[in-house]
Amino acid sequence: MHAQRGDWLVVKGIHVDVPEHRGRIVAVGSPDGAPPFTVRWEGADHESTIFPGPDAIVLTEAEMAAQDAHDRERAEGLGALQQHLSTDA
């Protein structure tokens with residue numbers, strides 16, 4: 001796993017009801033971008049140094065924006081489906 005300063009670290013939840021944790025990478029451990037990464041976690045006012053495990057991925061800013069757009073579209077589609085099903089009942 002390699003990253004650059006400004007990339008995002010996303011740690012996936014290990015259960016369906018556990019949300020993912022996302023943070024901006026503010027420093028990398030070596031010149032080639034290998035861990036450890038210093039991460040400023042989204043929604044928290046702290047940074048931590050982490051050696052990511054197999055449940056983590058690194059995304060660029062563009063990849064994160066694309067994932068967020070996909071997630072919004074999916075949520076809107078599910079909301080429309082739910083509304084359709086409730087009006088048919």
Side-chain angles (χ1 to χ4, degrees):
M1 178 177 296
H2 291 81
Q4 297 180 33
R5 189 171 182 236
D7 287 346
W8 288 89
L9 183 68
V10 180
V11 180
K12 300 292 185 177
I14 58 172
H15 301 288
V16 174
D17 59 341
V18 176
E20 66 184 23
H21 296 285
R22 307 189 315 174
R24 178 80 69 164
I25 297 172
V26 296
V28 294
S30 67
D32 70 347
F37 305 137
T38 301
V39 178
R40 174 163 287 283
W41 297 103
E42 192 175 65
D45 192 26
H46 76 279
E47 295 178 357
S48 60
T49 301
I50 183 172
F51 284 89
D55 56 344
I57 58 172
V58 172
L59 298 174
T60 64
E61 182 69 30
E63 291 169 331
M64 180 62 85
Q67 177 180 319
D68 287 345
H70 177 266
D71 291 348
R72 273 191 305 277
E73 290 172 9
R74 185 165 186 243
E76 289 169 2
L78 290 172
L81 177 61
Q82 182 179 19
Q83 185 176 11
H84 175 75
L85 293 174
S86 66
T87 57
D88 284 348

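Computed over heavy atoms, backbone and side chain alike; hydrogens, waters and symmetry mates excluded.
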* Between E61 and R24, is there a salt bridge with N-O shorter than 4.0 Å? -> yes

* **Residues which pass side-chain contact (heavy atoms from CB on, under 4.5 Å) with V28, listed by chain and number, not counting sequence neighbours** => A3, I25, F37

* Asked: What heavy-atom pair brings A34 and D32 nearest, and what distance separates the two atoms?
  -> N-OD1, 3.2 Å

* For D45, side-chain contact (heavy atoms from CB on, under 4.5 Å) partners two or more places apart -> R40

* Asked: Who pairs with A66 by side-chain contact (heavy atoms from CB on, under 4.5 Å), at least two apart in sequence or on another chain?
  -> none

* Do side-chain atoms of R5 reach the backbone of V26 as a donor and acceptor pair under 3.5 angstrom? -> yes

* Determine the minimum heavy-atom distance between P36 and T49, stating which atoms define it. => CB-CG2, 3.6 Å

* Asked: What about W41 and M1, same hydrophobic cluster or not, with Ile/Leu/Val/Met/Phe/Trp/Tyr joined at side-chain heavy-atom distances under 4.5 Å?
  -> yes

* Structure fact -> Across all chains, not counting sequence neighbours, the side-chain contact (heavy atoms from CB on, under 4.5 Å) partners of A65 are none

* What pairs of residues pass the salt bridge (Lys or Arg N to Asp or Glu O under 4.0 Å) test when at least one of them lies in residues 63-72, not counting sequence neighbours? -> R22-D68

* Out of curiosity, D55 CG to E20 CD, how far, rounded to the nearest 0.5 Å? -> 11.0 Å

* So does H70 have more than 12 non-hydrogen atoms from other groups sitting under 6.0 Å from NE2? -> no

* **Residues that, via side-chain heavy atoms closer than 4.5 angstrom, fall in one hydrophobic cluster with V10** => W8, I57, L59, M64

* Asked: For the side-chain contact (heavy atoms from CB on, under 4.5 Å) test, which of L9, V11, V58 pairs with P52?
  -> L9

